[in-house]
Visitor: 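The structure is given below, and queries will be raised subsequently.
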Amino acid sequence: QVQLVESGGGLVQAGGSLRLSCAASGRTFTMNAMGWFRQAPGKEREFIARIAWRVDSTYYADSVKGRFTISRDNIKNMVYLQMNSLKPDDTAVYYCTADPTYRPGGAVTAWKFWGQGTQVTVSS
């Protein structure tokens, strides 16, 4: 099993920035990809970004491309999501996720391990 714990959420004004962190523990050697999803009230959980654990490969949803950056620290078993130019539409609970496959898809069911989520609220 892999345990994931997110941190860094909070309240920010539109146009501001936040950096989310995700700490991984447990059988981290089984991970080959990590990612971030978000879920706004009344909406389905949506894919945001993915990063390969062992090679330089990232992938972003169109809705955040150019504003959000996913990165990792393999030594610390950490994944980060730098969020810039935040908009009220970015308000959601943000979830860290991990999977043993190299390129999990954008569906929730494609990812095996999940954190509990951290709330991000962007005020207008």
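Fair warning: this is a prediction, and the values are worked out from it, not measured in the lab. The first residue of the sequence shown is numbered 1, and numbering continues consecutively from there.
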Visitor: Of all the heavy-atom pairs spanning L4 and V2, show the shortest one and how long it is.
Guide: CD2-CG1, 3.8 Å

Visitor: Drop me the distance from S85's OG to F68's CZ, to the nearest 0.5 angstrom.
Guide: 9.0 Å

Visitor: Using the rule that two of Ile, Leu, Val, Met, Phe, Trp, Tyr join whenever any of their side-chain heavy atoms come within less than 4.5 Å, decide whether L81 and M34 are in one cluster.
Guide: yes

Visitor: Distance-only criterion, 3.5 Å: show the donor-acceptor pairs between side-chain atoms of residues 97-104 and protein atoms not counting sequence neighbours.
Guide:
| unit_1 | atom_1 | unit_2 | atom_2 | d |
| --- | --- | --- | --- | --- |
| T97 | OG1 | F113 | O | 2.8 |
| D99 | OD1 | K112 | N | 2.9 |
| D99 | OD2 | T101 | N | 2.9 |
| D99 | OD2 | T101 | OG1 | 2.5 |

Visitor: S17: what forms a side-chain hydrogen bond (donor to acceptor under 3.5 Å, both in side chains) with it, not counting sequence neighbours?
Guide: N84

Visitor: I need the D56 CG to T58 OG1 distance, nearest 0.5 Å.
Guide: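 Between D56 CG and T58 OG1, I get 8.5 Å after rounding to 0.5 Å.
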
Visitor: Would you give me the side-chain donor-acceptor pairs under 3.5 Å for residues 20-28, sequence neighbours excluded?
Guide:
none

Visitor: Rounded to the nearest 0.5 Å, what separation is found between the OG1 atom of T30 and the CD atom of Q1?
Guide: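 Between atom OG1 of T30 and atom CD of Q1 there are 8.5 Å.
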
Visitor: What pair of heavy atoms forms the shortest contact from I51 to R72, and how long is it?
Guide: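 Shortest heavy-atom contact: CD1-CG, 3.7 Å.
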
Visitor: Could you state the interatomic distance from CZ (F47) to OH (Y60), rounded to the nearest 0.5 Å?
Guide: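 Going from CZ on F47 over to OH on Y60, the span is 9.5 Å.
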
Visitor: Apply side chain to side chain contact (heavy atoms under 4.5 Å, CB included) to residues N77 and W53 and explain how you reach the verdict.
Guide: CA-CA 10 Å; N77 285 333; W53 194 242; 3.5 Å; yes

Visitor: Under 4.0 Å between a Lys/Arg side-chain N and an Asp/Glu carboxylate O for D89 and K43?
Guide: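 No.
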
Visitor: With sequence neighbours excluded, tell me which residues meet salt bridge (charged side-chain N to carboxylate O under 4.0 Å, His left out) with R45.
Guide: none

Visitor: Side chain of T118, backbone of G9: donor and acceptor closer than 3.5 Å?
Guide: yes

Visitor: I'd like to know if M83 and V12 are part of one continuous hydrophobic network [Ile/Leu/Val/Met/Phe/Trp/Tyr, side-chain heavy atoms within less than 4.5 Å].
Guide: yes

Visitor: Please list all pairs passing the salt bridge (Lys or Arg N to Asp or Glu O under 4.0 Å) test where one or both residues lie in residues 29-42, with sequence neighbours left out.
Guide: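 Counting only pairs at least two positions apart or across chains, the salt bridge (Lys or Arg N to Asp or Glu O under 4.0 Å) contacts touching residues 29-42 are R38-E46, R38-D90.
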
Visitor: Give the C-alpha distance, both sets of side-chain angles, the deciding distance and a yes or no for side chain to side chain contact (heavy atoms under 4.5 Å, CB included) between Y80 and I70.
Guide: CA-CA 6 Å; Y80 306 98; I70 189 170; over 6 Å; no

Visitor: Please check if the side chain of E6 supplies one atom and the backbone of C96 the other of a donor-acceptor pair under 3.5 Å.
Guide: yes

Visitor: Using modelled atom types and a 3.5 Å cut-off, is there a donor and acceptor pairing between side-chain atoms of R54 and backbone atoms of A33?
Guide: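 Checked: no pair found.
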
Visitor: Which heavy atom of A92 sits nearest to which heavy atom of A40, and what is that distance?
Guide: CB-N, 3.7 Å

Visitor: Is there a continuous path of hydrophobic side-chain contacts, each under 4.5 Å between heavy atoms, that joins Y59 to W111?
Guide: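 Yes, one cluster joins them.
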
Visitor: Can you list the residues that meet the ring-ring contact (aromatic ring centres under 6.0 Å, His included) rule with W114, with sequence neighbours excluded?
Guide: F37

Visitor: Between the side chain of D73 and the main-chain N/O of V79, is any donor-acceptor distance below 3.5 Å?
Guide: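 No: the side chain of D73 does not pair with the backbone of V79.
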
Visitor: Tell me if the NZ atom of K87 is crowded by more than 12 foreign heavy atoms within 6.0 Å.
Guide: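 At most 12 heavy atoms, drawn from other residues, nucleotides or ligands, come within 6.0 Å of this atom.
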
Visitor: Please name the pair of heavy atoms, one in Y95 and one in Q116, separated by the smallest distance, quoted to 0.1 Å.
Guide: CE2-O, 3.4 Å

